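Down below is the structure, laid out as structure tokens.
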Amino acid sequence: MRIAVLSETDPIETRVAATPETIKKYKALGADVTVQAGAGAKAGVPDAEYEAAGATIAAGAAEAARDADVVLKVRRPGAGELGGLKRGAIVVAIMDPYGNEAAIRALAEAGVAAFAMELMPRITRAQVMDVLSSQANLAGYRAVLDAAAEYGRAFPMMMTAAGTVPAARVFIMGVGVAGLQAIATARRLGAIVTATDVRPAVKEQVESLGAKFLAVEDEEFRQAETAGGYAKEMSKEYQAKQAELVSSHIAKQDVVITTALIPGRPAPRLVSAAMVQSMRPGSVIVDLAVERGGNVELAKAGETVTTENGVKIVGHLNMPGRLAASSSALYARNLYAFVETLVDKAAKDLAVKWDDELVRATCLTRDGAVVNPAFQPKV
Ligand code: NAD
């Protein structure tokens with residue numbers, strides 16, 4: 001059983017798919033592990049640490065991936081990498097399949113079995129493999145730190161000899177994993193925190209973190225959570241009521257952090273240009289949904305925009321990658337926990353149970369075809 005850990009080709013990607021800790025675990029499973037030289041550099045892991053954990057270092061991607069039965073990455077391999085993969089190899093990564101059907105077909109044509117970690121069912125057994133949670137948690141934390149760094153005032157109330165500095169007012173929109181961590185982080189920094197979501201289950205969680213919940217709590221709100229625990233796309237009527245409620249609130253906030261997502265859909269637009277214009281100069285907005293179309297009208301992916309009225313809108317790409325060492329450590333453990341289930345420990349070899357619930361949910365391509373029903377070509 002040969003496992004390869006490749007470097008990321010997207011310049012924005014700082015994370016790495018394995019750490020010395022998980023290399024040791026793969027070795028204990030009976031695998032030979034090859035790491036592409038420099039793969040961990042941006043996450044603070046030098047090649048020597050991988051070597052010390054038992055990995056072999058290979059100069060390039062093709063050399064690392066040659067004969068590999070399992071290829072570990074953070075992002076989906078690009079066209080340039082596919083030629084170097086063995087037909088039949090298992091490739092595990094965050095595949096970003098929605099809207100990227102051509103790239104998924106290319107994985108099928110390369111003959112690899114591609115597994116999308118973000119499609120992992122959110123069941124108890126798979127919690128340890130949940131990359132969305134591990135990465136969103138760090139993104140929520142980092143979003144607050146980025147906001148605090150951009151904000152020209154203090155977060156906590158400070159009573160000093162020179163007078164009182166008021167506490168910052170922070171509003172979190174979307175209270176999933178990222179939003180909850182953003183609330184907790186802003187509270188730790190001493191801010192006055194409010195939060196909104198369309199799922200009723202969130203209210204108690206928000207209050208238990210010491211923040212105030214604000215939402216349009218009508219009949220649609222009571223039905224907004226899907227069986228999977230996600231939000232539905234809300235009706236135009238609900239969106240209008242929500243906008244009315246939050247617009248007067250946003251005008252009084254110093255910091256707004258938006259994290260709202262709907263699986264497989266563009267991010268809902270929650271903050272209009274008029275709302276941004278209602279905020280005081282020096283206020284900061286961080287849009288964590290910017291890669292999925294953005295929750296904030298004036299946000300630009302990969303940029304920090306300062307509006308005419310002096311509001312900064314932060315649109316960092318790859319927020320978890322801004323904490324590359326922590327996010328890689330958690331991602332690498334998520335990956336190991338999944339790969340371990342694909343191995344027969346007695347035989348020390350791969351033995352994929354193709355009808356296992358986790359395998360079926362995450363497997364996108366196999367034997368030359370797109371096998372996941374959600375991404376098969378429509379006929
Ligand atoms: P997400 O990233 O899909 O969305 C972020 C948040 O945005 C969600 O809370 C969602 O309700 C909210 N949102 C969507 N549309 C909105 C709108 N129009 N206005 C305001 N908010 C809006 O969510 P997530 O972080 O993946 O979490 C989704 C759920 O999954 C949560 O209930 C979470 O607790 C649950 N979860 C379960 C497990 C598990 O293993 N059981 C693991 C992680 C998360």
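Computed over heavy atoms, backbone and side chain alike; hydrogens, waters and symmetry mates excluded. Bear in mind the structure is a predicted one, so any value in this text is a computation, not a measurement.
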Over all heavy atoms of both residues, which pair between Pro77 and Leu82 is shortest? Give the atoms and the distance, please. CB-CD2, 4.0 Å
Is there a chain of hydrophobic side chains (I, L, V, M, F, W, Y, each step under 4.5 Å between heavy atoms) that links Val343 to Leu72? yes
How far apart are the C-alpha atoms of Val359 and Leu342, what are their side-chain angles, what is the distance that settles it, and do they pass the side chain to side chain contact (heavy atoms under 4.5 Å, CB included) test? CA-CA 9 Å; Val359 169; Leu342 310 178; 3.8 Å; yes
Compute whether any side-chain donor of one residue and acceptor of the other, for Gln181 and Asn137, lie under 3.5 angstrom apart. yes
Strictly distance-based, threshold 3.5 Å: is any side-chain N or O of Asp344 a donor or acceptor partner for the main-chain N or O of Ala351? no
Examine Val70 and Leu107 and state if one hydrophobic cluster contains both, with Ile, Leu, Val, Met, Phe, Trp and Tyr joined whenever side-chain heavy atoms are less than 4.5 Å apart. no
Give a yes or no on whether Val311 and Val144 share a hydrophobic cluster (residues Ile, Leu, Val, Met, Phe, Trp, Tyr; joining criterion: side-chain heavy atoms under 4.5 Å apart). yes
Check: Asp32 side chain, Arg2 main-chain N or O, donor-acceptor pair, under 3.5 Å: no
Distance col, row Ile3:CD1 vs Asp69:CG, nearest 0.5 angstrom, shows 8.5 Å
So, taking the atom named CG in Leu317 and the one named CD in Glu13, what distance separates them when rounded to the nearest 0.5 Å? 10.5 Å
Evaluation steps, salt bridge (Lys or Arg N to Asp or Glu O under 4.0 Å), between Glu219 and Arg222: CA-CA 5 Å; Glu219 193 48 36; Arg222 280 183 274 282; 3.3 Å; yes
Taking a hydrophobic cluster as the set of Ile, Leu, Val, Met, Phe, Trp and Tyr residues connected by side-chain heavy atoms closer than 4.5 Å, whether directly or through intermediates, do Met129 and Leu119 fall within one such cluster? no
Can you name the closest pair of heavy atoms from Gln253 and Ser283 and give their distance? O-OG, 3.7 Å
Minimum-distance pair of heavy atoms, taken over all atoms of Met319 and Ala139: CG-O, 3.6 Å
Heavy-atom check, side chain of Val246 versus side chain of Leu270, under 4.5 Å: no
Closest approach of Ser278 and Ser247, non-hydrogen atoms and distance? OG-O, 4.4 Å
Please check: side-chain N/O of Arg142 versus main-chain N/O of Arg322, any donor-acceptor pairing under 3.5 Å? yes
Run the salt bridge (Lys or Arg N to Asp or Glu O under 4.0 Å) check on Glu340 and Lys25 step by step: do they pass? CA-CA 9 Å; Glu340 189 187 21; Lys25 291 182 171 176; over 6 Å; no
Atom NZ of Lys24 with >12 non-hydrogen neighbours under 6.0 angstrom: no
Would you call Asp218 and Lys241 a salt bridge, using N to O less than 4.0 angstrom? yes
Using the ring pair (Phe, Tyr, Trp, His ring centres under 6.0 Å) rule, collect all pairs that involve residues 296-349, keeping only residues at least two apart or in two chains. Tyr26-Tyr336, Phe115-Phe338
Does some side-chain heavy atom of Met173 sit less than 4.5 Å from a side-chain heavy atom of Val256? yes
Given 3.5 Å as the limit, does a donor-acceptor pair link the side chain of Thr259 with the main chain of Leu288, or not? no
Using modelled atom types only, decide if a donor and an acceptor are shared between the side chain of Asn309 and the backbone of Gln277 within a distance under 3.5 Å. yes
Output yes when a side-chain donor or acceptor of Arg76 lies under 3.5 Å from a complementary backbone atom of Ala116, and no otherwise. no
Side-chain H-bond candidate by donor/acceptor type, Glu220 with Ser235, under 3.5 Å: yes
First locate atom CZ of Arg333, then atom OG1 of Thr22, and finally report the distance between them rounded to the nearest 0.5 Å. 9.0 Å
Taking side chain as C-beta onward, heavy atoms only, is Glu150 less than 4.5 Å from Val286? no
When you measure from the side chain of Thr365 to the backbone N and O of Ala114, does any donor-acceptor pair fall under 3.5 Å? yes
The reported gap from OG1 in Thr341 to NZ in Lys353 (rounded to nearest 0.5 angstrom) is 6.5 Å
Taking side chain to side chain contact (heavy atoms under 4.5 Å, CB included) as the criterion, tell me which of Asp10, Ile12, Val74 meets it with Asn318. Ile12
Does Arg187 have any salt bridge (Lys or Arg N to Asp or Glu O under 4.0 Å) partners at least two apart in sequence or in another chain, and if so, which? none
Neighbour count above 12 (heavy atom, 6.0 Å) for Arg122 CZ: yes
Determine, stepwise, if the pair Leu261 / Glu291 fulfils side chain to side chain contact (heavy atoms under 4.5 Å, CB included). CA-CA 10 Å; Leu261 292 175; Glu291 278 164 287; over 6 Å; no
Are any of the side-chain heavy atoms of Arg105 and Val370 separated by less than 4.5 Å? yes
Go through Leu29 and Lys345 one step at a time and tell me if the side chain to side chain contact (heavy atoms under 4.5 Å, CB included) criterion holds. CA-CA 6 Å; Leu29 282 182; Lys345 287 188 182 152; 3.8 Å; yes
Any salt bridge between Glu8 and Lys42, counting N to O under 4.0 Å? no
Within the structure provided, determine whether Gln127 and Ser133 are in side-chain contact (heavy-atom separation under 4.5 Å). no
Check: Ile262 main-chain N/O paired with Arg292 side-chain donor or acceptor under 3.5 Å: yes
Met275, Leu214: one ILVMFWY side-chain cluster at the under-4.5 Å cut-off? yes
Could you pull out the closest heavy-atom pair between Ala289 and Asn295, with the gap in Å? CB-OD1, 3.2 Å
Backbone of Ser7 reached by a side-chain donor or acceptor of Gln36 within 3.5 Å: yes
What ring pair (Phe, Tyr, Trp, His ring centres under 6.0 Å) pairs are there with at least one residue in residues 52-108, not counting sequence neighbours? Tyr98-Phe375
Using the ring pair (Phe, Tyr, Trp, His ring centres under 6.0 Å) rule, collect all pairs that involve residues 31-77, keeping only residues at least two apart or in two chains. none
Are any side-chain N or O atoms of Gln239 and backbone N or O atoms of Met234, one a donor and one an acceptor, separated by less than 3.5 Å? yes
Between Glu81 and Val71, is there a side-chain heavy-atom distance shorter than 4.5 Å? no
Under 4.5 Å between any side-chain heavy atoms of Thr304 and Val314, yes or no? yes
Which heavy atom in Pro268 sits nearest to a heavy atom in Ala260, and how many Å separate them? CD-O, 3.5 Å
Contact list for residues 247-289, test ring pair (Phe, Tyr, Trp, His ring centres under 6.0 Å), sequence neighbours left out: Phe171-His249
So, taking the atom named OG1 in Thr56 and the one named CD1 in Ile23, what distance separates them when rounded to the nearest 0.5 Å? 9.5 Å
Looking at Asp96 and Arg75, does any basic side-chain N land under 4.0 Å from a carboxylate oxygen? no
Report yes or no: do Thr34 and Arg66 form a side-chain donor-acceptor pair below 3.5 Å? no
Let me confirm one number: the OG-NZ distance from Ser208 to Lys203, rounded to the nearest 0.5 Å. 13.0 Å
Fellow cluster residues of Tyr230, listed by chain then number, with links counted only when side-chain atoms sit under 4.5 Å apart: Leu132
Any side-chain heavy-atom pair from Glu297 and Val271 closer than 4.5 angstrom? no
